[in-house]
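Read the structure below first, then the notes.
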Amino acid sequence: MRYGYYPGCSLERNAGAYHTSLMAVAAQLGVEFAEVDDWNCCGATEFIAVNRLRAYALVSRNLALAARQTNGSNGAARGQLVAPCSACFLNLSKVDHYLSESPALTNDVNNALAAGGLSYEPGSLRVRHLLDVMVNDVGYERVAATVRRPLRGLRVAPYYGCLVVRPGFRERFDDPEYPTSLDRLMRTLGATVVDFPLKAHCCGGHMTQISRDVALELIRRLLKNAADYQADMIVTLCPMCQLNLDAFQESVNSMFGTEYRIPILFFTQLMGLAFGLPPAAVGIGKEFIDARPALARIGAAPPAEAEAAPKRKPRRNDQSLPLPQMPEEE
Amino acid sequence: MATSASLSRTSDFFREVVAEAPVDPRLEACLQCGTCGGSCPSGPDMDHTPRALFAMIAAGMRDAVLRSNTPWYCVSCYYCMERCPQEIRITDVMYTLKRMAIKAGYSAQTSAPRAPGFAQTFVDHVENYGRSFELGLITRYYLSHRPLDALKMAPLGMGLLKRKRLDLSPRPIRQIDQLKAILDRAREIDAAAQLT
Ligand code: SF4
Ligand code: SF4
Ligand code: SF4
Ligand code: SF4
């Protein structure tokens, strides 16, 4: 199985653990992800808030490059483009969909692309999210057959967030309000899946940069929900979700007086661990809230050095380690 | 409010919003049912719910709509679009209103004054490098828009650096000139059509 691969900016650095783990898992499963050469940022949710046509042209350059690189290369007329980031996935599939719907928009976009010697025919690529490929192309059976070290005893809350399941322009593969594909994938790995009623609610996206109060409240609700159902960790499929729930967890704690310490991992990291890969090979250790204590309890990771020390002081100390802090309002 | 079957499209402002959207947002089909506002995670923090905003657009209340914080508090969760019985492209209308507010110079007067600065800084980075560059983005945004907050943001940056989750310098794409040519052409096309 060969796919065009659009990593997105986050996977280059802040979500490097997602890239490392998905590549390691793909190698185990015999799936090939060929990175789109010289791709550019898809504009996240910001570009379209500032420019109309430029935002569509920005995304379309990626579609044009991916189609040229992927289509027809190995017999398949219609190549497939996989994005692991929810926002990238939405932008790529939405632009493709809206271009198909509007010949006028396609015309404008292709006029712009022509300035760079490119063009794109709407619908000529299938844009997929990584989770979709893992559960529907690779399939639960093959995943199960690759499991070497089941994650028995690990209680995970599967977090989907928004954009993989909504609005589902194309390639809808799960329920938009109560999706279950990631639940089943986690169960296939041997983990215990807790009910997580807020599994498709929003983490706030870039709201952390705009309004601290609004963003931290959205994040707090998710953490509380996972804690209420006694999850050992939350598993995500989006780099922004991971960053928000992980890097801002301490900010939530100081704002609401809570003491959450819920590790946030990418689903591909747990796949890798269940396939028997060592924690370092799937990027464990890059998270703000250390996942190793929870993994050590089920024998999926050696106990971390930090684990040996008694439980952290619950009260925070402003002079201590650099923990994420949002600036105060005003 | 009278339960008219759909919003009147008579106001100039209404037509302007529709023209600025990338594809037809189908706004005239709005039933004023309120499903969108009831589904919105930011609803309680918004000046006006999406439903109210659409009624205001139909009524031609240009200033009040473009000054509202509603579009800037939209987190793009798409719950409203999923549930809207009329399949109105609500989230796209929110993006469209953000662009119009920036163009009209209203964006700094909303009760979400920080949002446009963040979006603009992000866009500048992508236009210059082809990729988003988090450290530069955070630094430039805070230094130019919220200098007093810049120091308080430092711990997050330190945490990311310590975990090797942040780049110290931007890594531009190879064919940045090609991307710039494409974006310049797009800008000309929009300018010729008097769109943003
Ligand atoms: S959505 Fe985020 S991660 Fe994806 S390409 Fe854009 S900036 Fe990069
Ligand atoms: S939950 Fe948050 S980060 Fe994830 S897709 Fe939605 S807005 Fe983006
Ligand atoms: S849900 Fe749709 S029809 Fe109902 S008020 Fe909102 S936009 Fe209008
Ligand atoms: S997409 Fe925006 S307006 Fe719609 S429900 Fe989500 S936050 Fe509210």
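Quick note on labels: first sequence line is chain A, next is B, and so on, each numbered from 1. Note that the coordinates shown come from a computational prediction; the quantities given were computed from them, not determined experimentally.
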Contact origin within [X] toward chain B - heavy atom pairs under 4.5 Å:
X	result
A:Val109	neither
A:Leu99	neither
A:Tyr98	both
A:Ala104	neither

Gap between atom [atom2] of [Y] and atom [atom1] of [X] - 0.5 Å precision:
X	Y	atom1	atom2	value
B:Met100	A:Arg52	CE	CZ	12.5 Å
A:Phe47	B:Gln120	CZ	CD	9.0 Å
B:Glu82	A:Asp175	CD	CG	8.0 Å
A:Leu105	B:Asp24	CG	CG	12.5 Å
A:Asn40	B:Glu127	CG	CD	11.0 Å
A:Leu58	B:Leu179	CG	CG	6.0 Å

So, for [X] and [Y], which heavy atoms are closest and what is the spacing to 0.1 Å?
X	Y	result
A:Leu218	B:Pro41	CD2-CB, 3.8 Å
B:Arg99	A:Ile48	NH1-O, 2.7 Å
A:Ala112	B:Ile189	N-CD1, 4.0 Å
B:Tyr79	A:Ala200	OH-O, 3.0 Å
B:Ala186	A:Arg54	CB-CG, 3.7 Å
A:Leu163	B:Ser76	CD2-O, 3.3 Å

Problem - Top contributor to chain B contacts, counting heavy-atom pairs under 4.5 Å, from A:Cys162, A:Ala49, A:Ser102, A:Gly117 - result: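 The answer is A:Ala49.
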
Problem - Among A:Gly205, A:Pro167, A:Gly116, residue most engaged with chain B (heavy-atom pairs, under 4.5 Å) - result: A:Pro167

Practice task
Look at B:Lys103, B:Glu20, B:Gln178 and state which one has the largest set of heavy-atom pairs under 4.5 Å with chain A.
Solution key: B:Gln178

Practice task
Count the heavy atoms belonging to other residues, nucleotides or ligands that lie under 6.0 Å from CD of A:Glu35, then report whether that count exceeds 12.
Solution key: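 Yes, enclosed.
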
Practice task
Identify, with sequence neighbours excluded, every residue that meets side-chain contact (heavy atoms from CB on, under 4.5 Å) alongside A:Asn107.
Solution key: A:Asn111

Completion exercise
When the 4.5 angstrom heavy-atom criterion is applied to B:Ile173 and chain A, the contacting part is both

Practice task
Heavy-atom distances under 4.5 Å only: say whether B:Ala193 touches chain A with side chain, backbone, both or neither.
Solution key: neither

Exercise for the section: Any chance you could lay out the side chain to side chain contact (heavy atoms under 4.5 Å, CB included) test for A:Lys94 and B:Asp92, step after step, and finish with the verdict? Expected result: CA-CA 11 Å; A:Lys94 174 173 167 172; B:Asp92 292 314; 2.6 Å; yes

